[in-house]
Novice: 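Quick one: the structure is below, and I'll ask about it shortly.
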Amino acid sequence: NAGVMQNPRHLVRRRGQEARLRCSPMKGHSHVYWYRQLPEEGLKFMVYLQKENIIDESGMPKERFSAEFPKEGPSILRIQQVVRGDSAAYFCASSPQRGLNTIYFGEGSWLTVV
Amino acid sequence: TQLLEQSPQFLSIQEGENLTVYCNSSSVFSSLQWYRQEPGEGPVLLVTVVTGGEVKKLKRLTFQFGDARKDSSLHITAAQPGDTGLYLCAVPEGETSGSRLTFGEGTQLTVNP
């Protein structure tokens with residue numbers, strides 16, 4: 001039973017490029033969450049999605065960041081025109097239902113902007 | 001101001017010692033979770049506490065939720081090198097407490113052999 005799968009695990013982008021991070025939730029999970037962990041900071045919530053719907057995007061930066069969770073395929077976190085401050089670990093988590101008592105995190109995608 | 005204050009920020013001890021780390025807030029929560037995160041990996045849920053005063057045990061780890069549901073502690077007995085990691089507390093927030101977790105900044109524990 002595979003866990004939450006994230007790819008790529010490591011991504012290097014030049015300033016101004018786009019970054020796409022993918023997350024495949026655990027089998028049977030239809031709720032996906034994205035978190036960001038900046039160097040020397042804690043995990044910060046970004047967005048919560050349920051198949052084809054954004055439920056809570058209160059933690060998403062207003063510009064350059066977007067997320068989707070299509071009916072088929074993985075959830076994608078997209079960062080346009082990356083800047084050095086976007087360098088961080090991005091974690092995806094999934095749960096089988098609304099509520100956070102059974103939530104599983106992926107191993108993260110480390111984005112480095114040079 | 002952090003919603004959750006974790007202390008100590010760093011802790012380095014010898015194998016076999018006992019330790020306690022804390023998660024404090026001025027807010028009341030419906031539940032609280034503890035996670036452990038190892039370098040290069042995602043956080044792993046250890047426990048969820050729900051009732052004020054609740055105590056849960058996971059092998060050598062004992063978790064307690066404060067009576068007023070504002071704070072929590074994690075006690076490790078006879079620590080081992082495998083316990084090394086970042087310990088994070090988190091509380092659910094958002095509509096019906098179902099949409100997002102707010103994390104503390106963690107306690108980085110190092111257990112030396």
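To find a chain, count down the sequence lines: A is the first, B the second, and so on, and within it residues start at 1. These numbers come from the heavy atoms of this one structure, side chains and all, not from hydrogens, waters or symmetry mates.
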Novice: Which heavy atom of B:R100 sits nearest to which heavy atom of A:S58, and what is that distance?
Specialist: NH1-OG, 3.7 Å
Novice: Report whether A:I54 and A:I79 are members of the same hydrophobic cluster (ILVMFWY, side-chain heavy atoms less than 4.5 Å apart, transitive linking).
Specialist: yes
Novice: Going hydrophobic residue to hydrophobic residue with side-chain gaps under 4.5 angstrom, can you get from B:L3 over to A:M46?
Specialist: no
Novice: Test A:F45 against B:F103 for ring pair (Phe, Tyr, Trp, His ring centres under 6.0 Å), laying out the working first.
Specialist: CA-CA 9 Å; A:F45 169 80; B:F103 284 86; over 10 Å; no
Novice: Under 4.5 Å, heavy atom to heavy atom: which of residues 73-89 of chain B reach chain A? Give them by number, or say none.
Specialist: B:L86, B:L88
Novice: Group every Ile, Leu, Val, Met, Phe, Trp and Tyr by side-chain heavy-atom contacts under 4.5 Å, then state whether A:F65 and A:F91 land in the same group.
Specialist: no
Novice: Quick one: which residues of residues 104-114 of chain A reach chain B at under 4.5 angstrom, heavy atoms only?
Specialist: A:F105, A:G106, A:E107, A:W110
Novice: Show which side-chain atoms of residues 61-69 of chain B pair as donor or acceptor with protein atoms under 3.5 Å away, not counting sequence neighbours.
Specialist:
{"from": "B:R69", "atom 1": "NH1", "to": "B:F29", "atom 2": "O", "distance (Å)": "2.8"}

Novice: Look at the side-chain heavy atoms of Ile, Leu, Val, Met, Phe, Trp and Tyr, link any pair under 4.5 Å apart, and say whether B:L4 and B:V49 land in one connected group.
Specialist: yes
Novice: Taking side chain as everything from C-beta outward and backbone as N, CA, C, O, which of these in A:Q6 sits under 4.5 Å from a heavy atom of chain B? Side chain, backbone, both or neither.
Specialist: neither
Novice: Given the options A:I103, A:I55, A:V47, which has more heavy-atom pairs under 4.5 Å with chain B than any of the others?
Specialist: A:I103
Novice: Is it true that, when you exclude A:Q81 itself, more than 12 heavy atoms of the residues, nucleotides or ligands shown sit nearer than 6.0 Å to its CD?
Specialist: no
Novice: Same cluster or not: are A:F69 and A:W34 linked, directly or through other Ile, Leu, Val, Met, Phe, Trp or Tyr residues, by side-chain heavy atoms under 4.5 angstrom apart?
Specialist: yes
Novice: What residues of residues 35-47 of chain B sit under 4.5 Å from chain A when you count only heavy atoms?
Specialist: B:Y35, B:Q37, B:G40, B:E41, B:G42, B:P43, B:L45
Novice: Is atom CZ of A:R15 surrounded by more than 12 heavy atoms (other residues, nucleotides or ligands) closer than 6.0 Å?
Specialist: no
Novice: Side chains of A:L43 and B:L101: does their closest heavy-atom pair fall under 4.5 Å?
Specialist: no
Novice: Does NZ in B:K57 sit with more than 12 non-hydrogen atoms of other residues, nucleotides or ligands closer than 6.0 Å?
Specialist: no
